[in-house]
Amino acid sequence: MRAVVYRGPRNIKVEDVSKPRVSGKKVLVKFKAGSICGTDMHLYRGEWKIKHGRIIGHDACGVRVDTGERVVMIPITYCGSCYYCLRGLTGYCEHAKFYGLTRNGFFAESLAMRPKNLVPIPANVSDEEAAVVEPVALALHALELLKPNVGDWATVIGQGAIGLLMTQMTRLKGCRVIAVDLADYRLRLAEKYGADHCVNALREDAVKRVREITKRGSDVVIEAAGTARTVEQTPFMVRKAGKVALVGEFKGYLNLEDADEALFFTTYISPAEYPLAVQLIADKRVDVKGLITHKFSLVDFEKALQTANSPEEKPVKVVITA
Ligand SMILES: [Zn+2]
Ligand SMILES: [Zn+2]
């Protein structure tokens, strides 16, 4: 069967590999659709490394061969009995494996999965929508920790897939939203999703604009761009005793002098949020369709990666189909 195999930076290829063995508690799942995530791009650009020969991909859906059910695949395994699992923190399981990083991932024609890592997909959710669940789950997890109040100012820095979902979902929570990005096409999407103010940080001083709009600083700040510069701006944007979620990859140094009592935290995805993420898409409370800018078939994966890596193509989510 065909699969997308990591051979090193800028060297991720569609290859023929042997079919997965279905044994014990696992069932066979045929790949339907998946999406490329920032993590895959880190691997492509050589910023992160994994074992050579590993199949990548960790946001995807497929069909269970034994029941015919369409399912979303959860990329983290968890044991259910370690220190973290017993406290409901399955995302930090001490025996966790991450598909597409520490074990073979989802960009393959078929996979062997444990049923507990599969979430059934309602009939009104398309395969392509079910290919973009991870950022919804991540946004849900960040919101769970932020707990914003109705009417709070929420500043979302970075309007990629995760940022755009944070924009949508802070609106769902009743927040007033300031969307910050460097690209107008992404800010236009943020506006479509209900952002009250859109700030292009190439043209305006984002910190100054946020303080002007909110008067005393933003009640909550969500950093979803993952650059040193944007991470370092967060203490100057948040109001006293506000909260900052560092959702993007954390780099840089926080100068906390200006933040007084603010709470800063990092986040990671959790398997617990997947069923609700799928349900919110089915209920049309969260839109992922509008994030899909490009589609490629699995055999054209290299073209898909090049597109996701080309700013001039204006990619948000690049979807891969069987
Ligand atoms: Zn991801
Ligand atoms: Zn565990």
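Scope of the values below: all heavy atoms of this structure, side chains included, with no hydrogens, waters or symmetry mates. Predicted, not measured: the structure shown is a model, and the values here were computed from it. Nothing fancy with the numbering, it's 1 onward along the sequence. Just follow the structure's listing: the first ligand is 1, and inside any ligand the first atom is 1.
Vertex the Zn ion (ligand 2); arms to Cys93 SG and Cys79 SG; angle rounded to 10 degrees, 100°. Rounding to the nearest 10°, we obtain 110° for the angle at the Zn ion (ligand 1) between His58 NE2 and Cys37 SG.
The name of the N, O or S atom in Glu134 nearest to the Zn ion (ligand 1) is OE1.
Open room surrounds CZ on Arg2; 12 or fewer heavy atoms of other groups in view lie less than 6.0 Å from it. Around atom OH of Tyr84, no more than 12 heavy atoms belonging to other residues, nucleotides or ligands sit under 6.0 Å away. Within a 6.0 Å sphere centred on NZ of Lys19, heavy atoms belonging to other residues, nucleotides or ligands number 12 at most.
A ring-centre distance under 6.0 Å is found for Phe301 and Phe107.
Cys82 lies close to the Zn ion (ligand 2), since one of its N, O or S atoms is found at a distance under 2.8 Å.
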